[in-house]
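What follows is one structure encoded as structure tokens, with my remarks underneath.
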Number of protein chains: 2
Amino acid sequence: MPKSSNDNRKKTTVSQAERREELLAIAARVFAEQGYSATTVRKIADAAGMLAGSLYYHFDSKESMLDEILSTFLDELWARYDAVLSAGLGPRQTLEALVTESFREIDRHHAAVAIYQKESRHLGTQPRFAYLVESQRKFEKAWLGTLERGVAAKVFRADLDVRLTYRFLRDTVWVAASWYRPGGRHSPEEIARQYLSMVLEGIALHEA
Amino acid sequence: MPKSSNDNRKKTTVSQAERREELLAIAARVFAEQGYSATTVRKIADAAGMLAGSLYYHFDSKESMLDEILSTFLDELWARYDAVLSAGLGPRQTLEALVTESFREIDRHHAAVAIYQKESRHLGTQPRFAYLVESQRKFEKAWLGTLERGVAAKVFRADLDVRLTYRFLRDTVWVAASWYRPGGRHSPEEIARQYLSMVLEGIALHEA
DNA sequence: TAATCTACCAAACACTTGTTAGGGAAGGAG
DNA sequence: CTCCTTCCCTAACAAGTGTTTGGTAGATTA
């Protein structure tokens with residue numbers, strides 16, 4: 001931490017932030033593959049080509065790496081979600097936009113989503129990660145609200161338990177992170193399109 | 001291990017097996033809540049009201065507890081799946097039966113399913129847990145085959161990517177273990193019914 | 001009653017864990 | 001050339017890890 005007020009190290013400041021992101025990306029990948037608590041700081045350091053102690057020059061704990069990975073992801077996610085929710089779309093269009101943004105987010109923050117999927121429930125009990133629980137509440141409010149609006153507008157079926165439907169939607173979207181590989185055969189938009197078609201129209205064949 | 005051939009300790013033999021199952025149920029619950037590698041043998045022992053070392057009278061390692069939990073679950077699952085698959089049902093009825101059996105299995109082996117969901121991908125790389133990978137292959141064959149039969153019989157839509165559809169179905173069914181609580185408001189059969197209705201008919205309202 | 005077995009405890013073991021402290025090479029700044 | 005900052009290494013620490021060994025109260029058997 002510099003105490004003097006001279007900002008003459010522009011280049012090093014930039015590369016420090018870049019290195020930080022680089023290391024976080026590596027850590028996120030290992031966390032996602034092996035699970036958070038099965039991941040040792042030595043494994044992260046190995047993957048980054050350095051020794052365990054050296055990580056503590058950039059971060060002050062293993063937990064703070066996880067924290068930064070998850071909060072960065074959630075911040076970006078909610079920026080996009082909020083944009084969708086305040087766009088004044090109808091229920092069906094809102095649902096479609098939320099699903100599409102979700103798959104795009106899986107594409108961008110693949111590792112972070114996988115970590116979130118595996119660890120969020122368990123982490124939510126810790127005070128430091130209370131924002132995970134709050135995020136889930138906002139999540140539920142957004143999706144449930146959209147579904148209920150759709151039922152009221154006779155766009156969605158009224159004979160289904162809305163809460164069950166919400167859980168199915170939420171889980172199926174996010175669990176895709178467990179098999180999705182960025183750069184694969186299907187683009188996020190293509191996956192979203194097929195998923196929405198399946199969920200909205202059903203997979204059964206209805207001869208008109 | 002008795003070397004003599006007298007089987008005169010019927011009662012202790014029975015209660016030993018019962019105690020084993022009891023301890024496995026406790027371990028499964030802790031594994032499911034905290035994650036396998038975040039769970040210490042001392043936590044399991046605490047939950048069981050004994051000391052860590054005492055667990056090794058019943059089991060020879062922490063890993064073998066996990067192994068027994070997962071393999072017991074998969075054995076029972078496949079017994080029921082095989083019964084469905086060899087019943088000679090049509091594609092739609094097969095799908096419905098598979099889904100229903102899955103939710104029943106979540107009801108029965110709730111903790112084991114949660115563990116399987118979280119750890120199977122990572123565990124599958126270890127030789128000891130290779131049966132997890134093989135099980136997943138059988139899984140894919142059964143579901144994919146049913147879907148393809150349904151498409152050929154014009155029971156399911158032909159314009160969806162079958163592999164994507166399979167993944168959505170599989171994930172949505174099993175991920176329900178993360179929020180399902182045995183003895184809750186909905187029975188497994190009720191959940192299966194609603195899930196099938198949503199997946200087969202879609203959630204959009206179609207005015208006939 | 002004496003011998004045996006069951007199911008646990010008490011205490012330690014070797015090892016791994018996250019984390020810290022001091023040092024040093026490289027390179028830019030003066 | 002000298003100073004200083006950046007970024008990493010070396011080496012160690014204390015706490016926690018799965019596991020083992022020897023013992024023992026209490027029930028069961030002979």
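Every chain is numbered from 1, with letters handed out A, B, ... down the list of sequences.
Look at CD1 on A/I44: it is 10 Å from P on C/dT19, rounded to the nearest Å. Regarding B/E18, its CD atom lies at a distance of 11 Å from the P atom of C/dA7, rounded to whole Å. Distance B/M65 CE to D/dT17 P: 14 Å, rounded to the nearest Å. Atom CZ in A/F59 sits about 15 Å away from atom C1' in D/dT6, given to the nearest Å. Taking atom CG of B/L51 as the reference point, atom C1' of D/dA25 lies 15 Å away to the nearest angstrom. Between the P atom of C/dT16 and the NZ atom of B/K62 lies a distance of 15 Å, rounded to the nearest Å. Taking atom CZ of A/R20 as the reference point, atom P of D/dC8 lies 13 Å away to the nearest angstrom. Separating the CG atom of A/L55 from the P atom of D/dT10 is a distance of 14 Å, rounded to the nearest angstrom.
Phosphate proximity of C/dA7 to B/Q16: present, with a side-chain N or O under 4.0 Å from OP1 or OP2. In terms of phosphate contacts, A/R19 brings no side-chain nitrogen or oxygen within less than 4.0 Å of OP1 or OP2 of D/dT6. Neither OP1 nor OP2 of D/dT19 sits under 4.0 Å from any side-chain N or O of B/R42. Phosphate contact (OP1/OP2 of D/dC8, side-chain N/O of A/H58, threshold under 4.0 Å): present. For D/dT20, the OP1/OP2 oxygens have no side-chain nitrogen or oxygen of B/Y56 closer than 4.0 Å.
Among the atoms of the strands shown, none is found under 4.0 Å from any heavy atom of A/S64. Residue-level contact check: B/S54 touches the bases, meaning some heavy atom is under 4.0 Å from a base atom.
Mapping A/G53 and A/K43 onto DNA chain C by nearest heavy atom places A/K43 closer to the 5' end of the strand. Comparing B/E63 and A/Y57 along DNA chain D, the residue whose closest nucleotide (by nearest heavy atom) sits nearer the 5' end is A/Y57.
Comment: B/E101 engages B/R104 in a salt bridge, judged by a side-chain N to carboxylate O separation of less than 4.0 angstrom.
Proximity of the aromatic rings of A/W78 and A/Y131 is defined here by a centroid distance below 6.0 angstrom, and this criterion is not met. Checked against the 6.0 Å centroid threshold, B/Y180 and B/F103 do not count as a close aromatic pair.
Across all non-hydrogen atoms, the minimal contact from A/F129 to A/D67 is CE2-CA, 3.7 Å.
Summarising the local packing, CZ of A/R181 is surrounded by more than 12 heavy atoms from other residues, nucleotides or ligands at distances under 6.0 Å.
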